[in-house]
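What follows is a single structure, written as structure tokens, with notes after it.
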Amino acid sequence: MKKFKEKLSGRIFFALALSSISALALITVFIIYKGAQTFIDVGFFKFIFGMSWSPGRDEFGIFPMIIGTVTVTLGAAAIGVPIGICCSIFLAEFAPSALQNIFRPAIQLLAGIPSVVYGFWGLLFVVPLIRNYLGGPGLSILAGAIILAIMILPTIITISEVSLISLPRHYKDGSLALGLTQWQTICSVQLPAAKSGIVAAVILGLGRAMGETMAVIMVLGNAVALPDSILAPVRTFTTNIGIEMGYASGEHQQALFATGIVLFVIIMMLNSLAQYITRRKAK
């Protein structure tokens, strides 16, 4: 009877795991089925490197959106990664228990706030600040980067802190015994030792930023053009799909699905890289 229960439990868990993989496979097949025709009709290079997105004239070029996605994501990383790593160091090494009990739930709460709330806050506070003090329309790469930087903080902080806490105790004790200060130990021993986990956290954060839709729709300005500064409006893959999918049809809809294929491939590559780095650390 005990062996039967164990086999039954194993099969149930296997079926649940298989359902998750099946869902991913179905989504992948559906997106490719709906969008692959665009690469044939428009041409792969013309679609990827085309400068004009005008569905009314059957012009489907996503290069400005590639630049917009990359600049906003890298801007979010430039702001969020240093803050996230510093917060993880503080929680792992310096914060007393009372502060940890306050900061950790607050960080988890950040992850639970709906993205539309971040976008609304950015539209009311961040965009006017940029417009009044830095110039431009306010709806810009910088505004999107600030909002996304806040949104990726929980991912970076949580994984980086776990990576630091899970280091063997003798790393720190041996460094201090050799006469290094606490800061020298952190910078020279602990951060390099936890590098794999921190890099994985950054990559997952980048994937989170790249896939965000609602918040960036509200603060980017959504202009399909190459930006000339961080104060210029841009459009990303996700905002393009979110704005136009509601009324698209025919070739236009296929082009949006093709845009989704490009985004899907990029995010899968980032997640695979994070998994590879994590497994390499485990080995």
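Note that this is a predicted model, so its numbers are computed, not measured.
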Starting from Ile156, can I reach Ile198 by hopping between I/L/V/M/F/W/Y residues whose side chains sit under 4.5 Å apart? yes
Please examine the side chains of Pro227 and Ile67, heavy atoms only from C-beta on, and report whether any two atoms are closer than 4.5 Å. yes
Just by modelled atom types, is the Leu256 backbone N or O under 3.5 Å from a matching donor or acceptor in the Asn240 side chain? no
Please report the shortest heavy-atom distance between Gly80 and Ala149, naming the atom on each side. N-CB, 3.7 Å
Stepwise, does the side chain to side chain contact (heavy atoms under 4.5 Å, CB included) test hold for Phe237 with Met210? CA-CA 8 Å; Phe237 289 143; Met210 195 171 290; 5.6 Å; no
Work out which heavy atom in Ala77 is nearest to a heavy atom in Leu206; give both atom names and the distance. CB-CD2, 3.4 Å
Within the distance-only criterion (no hydrogens, no angle test), does the side chain of Ser140 pair as donor or acceptor with the backbone N or O of Gly138 below 3.5 angstrom? yes
Between Thr69 (side chain) and Met65 (backbone), is there a donor-acceptor pair under 3.5 Å? yes
With a 6.0 Å cut-off (strictly less than), is the heavy-atom count around CE of Met269, excluding the residue itself, greater than 12? no
Quick check: do Leu226 and Met51 have side-chain heavy atoms less than 4.5 Å from each other? yes
Is it the case that more than 12 heavy atoms not belonging to Phe63 sit under 6.0 Å from its CZ atom? no
All heavy atoms of Thr185 vs all of Ser175, minimum pair found to be OG1-OG, 2.8 Å
Are the side chains of Ile147 and Trp121 in contact, using a 4.5 Å heavy-atom criterion? yes
Keeping the roles fixed (side chain from Thr158, backbone from Pro154), state whether a donor-acceptor pair exists under 3.5 Å. yes
Grouping I, L, V, M, F, W and Y whenever their side-chain heavy atoms are under 4.5 Å apart, do Val189 and Ile165 come out in a common cluster? no
Determine whether Ile230 and Thr71 satisfy the following criterion, side chain to side chain contact (heavy atoms under 4.5 Å, CB included), listing intermediate values before the conclusion. CA-CA 8 Å; Ile230 61 172; Thr71 52; over 6 Å; no
Indicate yes or no: at least one non-hydrogen side-chain atom of Val116 is less than 4.5 angstrom from one of Met218. yes
Do Leu142 and Phe120 sit in the same hydrophobic cluster, where Ile, Leu, Val, Met, Phe, Trp and Tyr count as joined when their side-chain heavy atoms come under 4.5 Å apart? yes
State, to 0.1 Å, how close Phe60 and Pro55 come at their nearest heavy-atom pair, and which atoms those are. CE2-CA, 3.7 Å
Met245 CE to Thr213 OG1 distance, which is reported to the nearest 0.5 Å: 11.0 Å
Any donor and acceptor pair, going by atom type alone, linking the side chain of Arg131 with main-chain N or O of Pro137 inside 3.5 Å? yes
For Ser54, is there any backbone N or O sitting under 3.5 Å from a side-chain donor or acceptor partner on Glu59? no
Donor-acceptor pair, side chain of Thr73 and main chain of Ala209, under 3.5 angstrom: no
The reported gap from CG in Leu263 to CD1 in Ile66 (rounded to nearest 0.5 angstrom) is 10.5 Å
For Tyr171, does the OH atom sit with more than 12 other heavy atoms under 6.0 Å from it, leaving out its own atoms? no
Minimum heavy-atom distance between Gly35 and Ala258, given as atom pair plus value: O-CB, 3.5 Å
Nearest atoms (heavy-atom pairs only) where Cys87 meets Ile157: CB-CD1, 3.7 Å
Spatial distance of atom OG1 (Thr155) from atom CZ (Arg208) [nearest 0.5 Å]: 7.0 Å
Taking the inter-plane angle between the rings of Phe47 and Phe39 on a 0 to 90° scale, is it parallel (under 30°), tilted (30 to 60°) or perpendicular (over 60°)? perpendicular
Side-chain donor or acceptor of Ser166 paired with backbone N/O of Ser163 under 3.5 Å: yes
Any side-chain heavy atom of Trp53 sitting closer than 4.5 Å to one from Thr259? yes
Same apolar cluster (I L V M F W Y, side chains within < 4.5 Å links), Val219/Leu129: no
For this output row, return yes or no: ring centroids of Tyr33 and Phe257 closer than 6.0 angstrom. no
With side chains defined as the heavy atoms from C-beta onward, is the minimum distance between Ile107 and Leu153 less than 4.5 Å? no
Between Phe30 and Leu26, is any pair of side-chain heavy atoms under 4.5 Å apart? no
Could you tell me if the side chain of Ile141 sits less than 4.5 Å from the side chain of Leu231, heavy atoms only? no
Would you sort out whether Ile62 and Ile48 count as a side chain to side chain contact (heavy atoms under 4.5 Å, CB included), showing the intermediate values? CA-CA 6 Å; Ile62 63 170; Ile48 297 296; 3.9 Å; yes
Looking at Ala36, is its backbone amide N or carbonyl O close enough to the side chain of Gln254 to form a donor-acceptor pair, meaning the two atoms are under 3.5 Å apart? no
Hydrophobic clusters here meaning ILVMFWY residues chained together by side-chain heavy-atom distances under 4.5 Å, can you tell me if Met151 and Ile159 are in one? no
Step by step, work out the side chain to side chain contact (heavy atoms under 4.5 Å, CB included) result for Glu251 and Gln37. CA-CA 9 Å; Glu251 292 182 357; Gln37 189 64 36; over 6 Å; no
